[in-house]
Amino acid sequence: MSAPEPENLSPTELAERELQEKERKAREDAEQAQLPYKWTQTIRDVDVTAPISANIKGRDMQVTLTKTKISIAIKGQKPIIEGDFPHPIVVDESSWTLETTPTPPGKEVSIHLDKSNKMEWWPHVVTTAPKIDVTKIQPENSSLSDLDGETRAMVEKMMYDQRQKETGGMTSDEQKKMELLEKFKAEHPEMDFSNAQVG
């Protein structure tokens, strides 16, 4: 059974849903805060930062970036981040740097990962880390407007379809099929469509 549309919910149900969403978000935030790194993403790339001691130099770092795996460690220490990516990256477009941070004084290792598939959100940086709910991601409108026309239309369609799925509505493809069927029915009134399946 699909979830009722938000406008069909009573104020109590709406408040309950809001509370559940707040609790889910708080749980997700708490899980992410436990990680030894912070990460952000756009539809095109992922950026990871991890604080390290000020005395660490680039040569003290052991960094491995492959299409499907990452390992970032200070030589002789347990890795800060290590594991398989949920989706492949473009290795030649991905990089890491060591940067000095003013507050608190120290350094951070900064990793830029270029997604192979520019059409999917990552639930986590490595598959062993806690997941975030990618259906709740609200991409900034500015980044949407940065995309070229074709890519933007595709992303907007994906976002629309995702919202429709969540509310139990029809995706744009399903709507198109229904419109085509309705048009065909109108053009062929002599045919019986009572058992027609759209799918």
Side-chain angles (χ1 to χ4, degrees), residues 1-50 70 81 83-89 113 115-186 192-199:
M1 198 174 106
S2 62
E5 300 254 355
E7 53 269 17
N8 298 345
L9 295 174
S10 71
T12 314
E13 288 171 321
L14 264 175
E16 199 173 295
R17 182 179 276 192
E18 215 167 277
L19 184 66
Q20 285 173 346
E21 177 54 25
K22 273 199 185 108
E23 285 171 359
R24 183 203 64 77
K25 184 81 179 100
R27 223 177 13 255
E28 191 176 272
D29 290 347
E31 286 174 346
Q32 295 299 312
Q34 296 297 310
L35 298 170
Y37 55 87
K38 292 191 174 352
W39 68 288
T40 57
Q41 68 178 316
T42 68
I43 198 80
R44 297 183 293 267
D45 47 36
V46 174
D47 287 295
V48 184
T49 56
I70 184 172
I81 179 172
D84 296 325
F85 294 127
H87 305 288
I89 63 162
L113 306 170
K115 296 178 180 177
S116 281
N117 182 342
K118 311 274 190 251
M119 290 289 124
E120 62 196 345
W121 296 107
W122 284 20
H124 37 206
V125 181
V126 287
T127 53
T128 50
K131 289 184 174 188
I132 60 165
D133 185 346
V134 294
T135 64
K136 305 292 186 218
I137 294 175
Q138 296 293 326
E140 308 79 42
N141 291 338
S142 60
S143 64
L144 207 54
S145 62
D146 294 344
L147 301 174
D148 62 76
E150 193 179 320
T151 310
R152 181 178 174 167
M154 203 148 67
V155 172
E156 285 174 342
K157 176 184 177 306
M158 285 166 58
M159 288 164 58
Y160 174 80
D161 288 349
Q162 184 65 47
R163 278 195 299 272
Q164 288 296 95
K165 265 190 215 146
E166 284 172 29
T167 58
M170 283 195 287
T171 64
S172 48
D173 289 340
E174 290 166 342
Q175 285 173 337
K176 219 174 274 170
K177 284 180 189 170
M178 278 305 290
E179 284 163 18
L180 283 171
L181 181 63
E182 291 305 321
K183 188 176 173 208
F184 190 78
K185 278 186 191 175
D192 174 22
F193 289 95
S194 54
N195 295 320
Q197 293 287 314
V198 177

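Note that the coordinates shown come from a computational prediction; the quantities given were computed from them, not determined experimentally. We use all heavy atoms of the structure for the numbers below, so side chains are in, but hydrogens, waters and symmetry mates are not. The first residue of the sequence shown is numbered 1, and numbering continues consecutively from there.
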- Task: Answer yes or no: is there a side-chain heavy-atom contact under 4.5 Å between Arg44 and Lys115?
- Result: no
Between [X] and [Y], which heavy-atom pair has the shortest distance, and what is it?
| X | Y | result |
| --- | --- | --- |
| Val46 | Gln41 | CG2-CB, 4.0 Å |
| Val126 | Ile81 | CG1-CG1, 4.1 Å |
| Trp122 | Val125 | CZ3-O, 4.0 Å |
| Ile132 | Glu28 | CA-OE1, 3.2 Å |

- Note on the structure: Interatomic distance, CG@Leu14 vs CG@Leu19, rounded to 0.5 Å, equals 12.5 Å
- Message: To the closest 0.5 Å, what do you measure between CH2 (Trp39) and CG (Asp47)?
- Response: 11.0 Å
- Query: Can you name the residues that form a side chain to side chain contact (heavy atoms under 4.5 Å, CB included) with Lys131, not counting sequence neighbours?
  - Reply: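 Here the qualifying residues are Pro123, His124.
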- Item | Residues in side chain to side chain contact (heavy atoms under 4.5 Å, CB included) contact with Glu18, at least two apart in sequence or another chain | Lys22
In chain order, what residues pass the side chain to side chain donor-acceptor pair (under 3.5 Å) check against [X], with sequence neighbours excluded?
| X | value |
| --- | --- |
| His87 | Glu120 |
| Glu21 | Arg24 |
| Glu31 | none |
| Lys38 | none |

